[in-house]
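Please read these numbers as outputs of a predicted model, since none were measured by experiment.
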Amino acid sequence: MKSAGAAVEDGGAQAADARLRNLGAIGAMVLSTVLYTLSDTAMKLASETVPTGQAIVMRSAGSVAILLAAAVASGVAGQIREAFNRIMLWRTLGDAGNSLCFQAALARMPLADTMGILQLSPLSLTAASALFLGAHVGWRRWSAVLVGFIGALLVIKPGTSAFNIYALLVVLSVLCGSLRDLSTRKLDPALSPLVILLISQVGVGVVALGTAAFSPWHWPTLGAYVHLGIAAAFIAAGHIAGIAAIRHSDLAVVAPFRYAGILWAVLSGYLVWGHVPDFSASIGILVLVLAGLYTLRRERHLRNS
């Protein structure tokens with residue numbers, strides 16, 4: 001039997017290991033937000049000359065190649081055949097809707113504004129969990145959802161000359177993202193994230209192929225090929241970094257660092273296009289981030305109580 005001193009020492013070592021894991025996970029989460037922003041920046045540059053659907057198909061093709069190689073190398077490719085079911089179909093449709101709506105808006109809106117509205121995602125997921133999964137959501141978190149919606153309105157600015165109809169596509173992409181995330185929660189936990197991402201990227205590419213009927217495709221320029229290749233590599237790497245961040249860490253500690261993405265979006269928008277969010281959009285983005293952080297903090301408190 002271990003002595004009291006040895007038990008305390010073991011507890012201290014475990015706590016230190018947990019802190020180190022969380023620090024590594026925080027680094028991976030911040031890295032994933034950087035990679036996602038670089039991918040979005042490259043996609044926005046490519047969208048200046050390439051139709052949205054075509055750009056998504058080409059990026060998906062690159063991502064599929066990278067993810068398939070990773071699945072084979074890690075020995076999980078055999079799960080692909082087992083992964084096809086109704087829940088995976090709903091997840092893939094949600095991911096496809098999220099990608100198409102977001103990229104269509106990204107091509108026509110400032111990057112920071114687009115990413116600002118996207119911060120509705122955790123609030124939308126909280127509301128969807130209550131409405132469709134029966135999760136208990138108290139008045140505090142419903143209040144945070146309402147405040148976040150007001151923040152989104154400050155970014156969208158409906159009824160003003162600054163209103164951009166494509167901002168509504170970002171809201172729709174958030175709703176599609178909630179469908180994707182709710183479906184993900186229903187998938188078999190033993191299913192490798194690489195397999196889930198691989199199937200999802202194939203589905204996104206297939207759905208995006210349908211846009212060829214509405215928007216003529218053409219051969220991209222060399223610069224567009226470079227941007228799309230960068231976007232494919234960075235989004236695949238961002239997914240992998242995000243998986244690494246959440247698999248072996250305290251999610252409540254790591255999740256708030258997802259909001260670092262808005263900082264990179266503002267920086268990228270300024271450096272590449274010279275765009276800075278106006279006062280209303282800046283306040284709206286801040287409100288969205290604070291509402292999301294409060295929701296995460298409240299959920300952590302409820303889990304620990």
Side-chain angles (χ1 to χ4, degrees), residues 21 24-43 46 50 53-100 102-103 176-177 179-212 220 224-249 251 254 258 261:
R21 283 198 302 271
I26 288 170
M29 179 61 75
V30 173
L31 175 61
S32 75
T33 64
V34 172
L35 293 169
Y36 286 140
T37 301
L38 291 172
S39 177
D40 289 338
T41 300
M43 281 293 285
V50 180
Q54 183 180 359
I56 292 174
V57 169
M58 296 179 69
R59 185 186 67 177
S60 294
S63 296
V64 165
I66 294 169
L67 292 167
L68 181 59
V72 171
S74 60
V76 299
Q79 294 184 358
I80 295 175
R81 187 175 300 175
E82 306 168 6
F84 289 97
N85 54 44
R86 181 171 55 86
I87 297 174
M88 182 63 78
L89 174 62
W90 281 113
R91 186 195 186 281
T92 302
L93 289 175
D95 204 11
N98 174 267
S99 294
L100 285 169
F102 177 76
Q103 294 301 330
C176 290
L179 171 61
R180 175 198 61 205
D181 294 341
L182 290 177
S183 300
T184 302
R185 293 184 178 186
K186 297 276 190 178
L187 291 174
D188 183 354
L191 193 60
S192 169
L194 282 174
V195 172
I196 296 173
L197 293 173
L198 175 59
I199 293 173
S200 185
Q201 284 299 304
V202 171
V204 168
V206 169
V207 172
L209 276 173
T211 64
Y225 272 118
V226 171
H227 290 143
L228 290 168
I230 291 172
F234 282 151
I235 197 171
H239 281 308
I240 294 171
I243 292 169
I246 65 177
R247 294 202 77 176
H248 304 293
S249 65
L251 187 58
V254 175
R258 286 177 174 169

Quick one: does [X]'s side chain have a donor or acceptor within less than 3.5 Å of a partner on [Y]'s backbone?
| X | Y | answer |
| --- | --- | --- |
| S60 | V57 | no |
| S99 | D95 | yes |
| S39 | A231 | yes |
| Q79 | S192 | yes |

Value rounded to 0.5 Å, distance of [atom1] in [X] from [atom2] in [Y]:
| X | Y | atom1 | atom2 | value |
| --- | --- | --- | --- | --- |
| I87 | T92 | CD1 | OG1 | 11.5 Å |
| T41 | I230 | OG1 | CD1 | 10.5 Å |
| L187 | R91 | CG | CZ | 7.0 Å |
| M58 | H227 | CE | NE2 | 12.5 Å |
| E82 | M88 | CD | CE | 11.0 Å |

Hey, does L182 have a side-chain heavy atom less than 4.5 Å from the side chain of W90?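 The answer is no; the side chains never approach within 4.5 Å.
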Would you name the heavy atoms of [X] and [Y] that are closest together and state the gap between them?
| X | Y | result |
| --- | --- | --- |
| A55 | V50 | N-CG1, 3.7 Å |
| I56 | A208 | CG2-CB, 3.8 Å |
| A83 | V195 | CB-CG1, 4.0 Å |
| I66 | A233 | CD1-CA, 3.7 Å |
| L197 | H239 | CD1-CB, 3.5 Å |
| A241 | L35 | CB-CD1, 4.4 Å |

